[in-house]
Amino acid sequence: MEILDLHAVPGVPIPAHGSTGFTAAHVLRGETAAVTVLRVEAGGEIGTHPAVGDQLLIVLSGEGEVQAGDGPWQRIAPGQAALWNSGESHTTRAISDLTAVAVESEHLMTR
């Protein structure tokens with residue numbers, strides 16, 4: 001067993017899709033699933049892009065806003081998660097420094 005401090009996992013800057021203040025650190029990658037720690041600095045953004053598979057964004061700390069397509073921005077905080085379906089265009093921006101875990105899979109089950 002290994003205990004991971006997700007707040008300390010080093011990330012790589014990701015400028016794709018016009019993203020700013022955004023880093024990602026892969027924790028687990030497999031053929032059908034991935035788990036990644038995402039950090040977005042206050043005022044930063046993960047630029048608009050389509051979900052590669054179903055994607056669950058779980059906020060660990062900080063606050064932000066998420067958007068699907070051209071829909072309304074919705075506030076998101078620790079203990080909350082956003083779920084986007086495969087191919088759905090989405091954007092995330094940070095109100096305060098935001099740390100989240102993204103779980104991506106070909107098909108995520110929801111309650």
Side-chain angles (χ1 to χ4, degrees):
M1 179 176 72
E2 182 178 357
I3 303 296
L4 303 173
D5 180 353
L6 298 180
H7 292 284
V9 176
V12 175
I14 308 291
H17 311 290
S19 299
T20 58
F22 168 45
T23 63
H26 299 298
V27 175
L28 173 72
R29 288 196 91 55
E31 289 184 30
T32 61
V35 177
T36 308
V37 174
L38 308 178
R39 290 188 192 84
V40 186
E41 296 173 356
E45 182 174 287
I46 301 173
T48 305
H49 63 285
V52 176
D54 291 347
Q55 182 177 340
L56 182 68
L57 178 78
I58 305 162
V59 177
L60 300 178
S61 65
E63 292 191 10
E65 294 180 314
V66 292
Q67 180 184 46
D70 292 328
W73 285 97
Q74 297 183 53
R75 199 161 184 129
I76 193 164
Q80 294 182 314
L83 176 64
W84 294 287
N85 295 315
S86 183
E88 189 172 15
S89 180
H90 62 285
T91 312
T92 302
R93 63 185 179 197
I95 294 168
S96 61
D97 288 350
L98 181 76
T99 300
V101 172
V103 179
E104 298 170 288
S105 180
E106 292 178 13
H107 197 73
L108 292 174
M109 304 273 301
T110 58
R111 42 182 182 137

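All of these numbers come straight from a predicted model, not from anything done at the bench. Note that the numbering runs from 1 along the sequence shown for the chain.
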Could you measure the distance from the CG atom of L57 to the CG atom of L38? Nearest 0.5 Å is fine. 6.0 Å
Within one Ile-Leu-Val-Met-Phe-Trp-Tyr cluster: V101 and V9, side-chain cutoff 4.5 Å: yes
Are the side chains of T91 and E45 in touch, meaning some heavy atoms are under 4.5 Å apart? yes
Linking I/L/V/M/F/W/Y whenever any side-chain heavy atoms sit under 4.5 Å apart, do L28 and L56 land together? yes
Flag yes if L60 and V27 sit in one hydrophobic cluster, no otherwise; membership is Ile, Leu, Val, Met, Phe, Trp, Tyr, and two members link when side-chain heavy atoms are under 4.5 Å apart. yes
To check you understand the geometry: which heavy-atom pair defines the closest contact between A102 and Q55, and what is its length? CB-NE2, 4.1 Å
Can you measure from CD (E104) to CG (D54) and round to the nearest 0.5 angstrom? 10.0 Å
E65/L98 under side-chain contact (heavy atoms from CB on, under 4.5 Å): CA gap, chis, key distance, verdict: CA-CA 10 Å; E65 294 180 314; L98 181 76; over 6 Å; no
Mind jotting down which residue pairs meet the side chain to side chain donor-acceptor pair (under 3.5 Å) criterion with at least one end in residues 74-87? Sequence neighbours excluded, please. E63-R75
Could you tell me whether the side chain of L6 reaches within less than 4.5 Å of the side chain of T99, counting heavy atoms only? no
I'd like to know if the side chain of S96 reaches the main chain of A42, judged simply by a donor and an acceptor atom lying under 3.5 Å from each other, with no hydrogens or angles considered. no
Distance-minimising heavy-atom pair for E88 and A68: OE2-CB, 3.3 Å
Smallest heavy-atom separation, G11 atom then A25 atom, equals CA-CB, 3.9 Å
Contact list for residues 16-27, test side chain to side chain donor-acceptor pair (under 3.5 Å), sequence neighbours left out: H26-R29, H26-T36
Heavy-atom distance under 4.5 Å between the side chains of Q67 and H90, does that happen here? no
Side chains of S89 and T48: any donor to acceptor distance under 3.5 Å? no
Please list all pairs passing the ring-ring contact (aromatic ring centres under 6.0 Å, His included) test where one or both residues lie in residues 54-81, with sequence neighbours left out. none
For a quick test of reading the model, state the closest non-hydrogen atom pair linking A81 to I76 and the distance between them. C-CD1, 3.7 Å
So if you build clusters from Ile, Leu, Val, Met, Phe, Trp, Tyr with side-chain heavy-atom gaps below 4.5 Å, do V35 and V59 land together? no
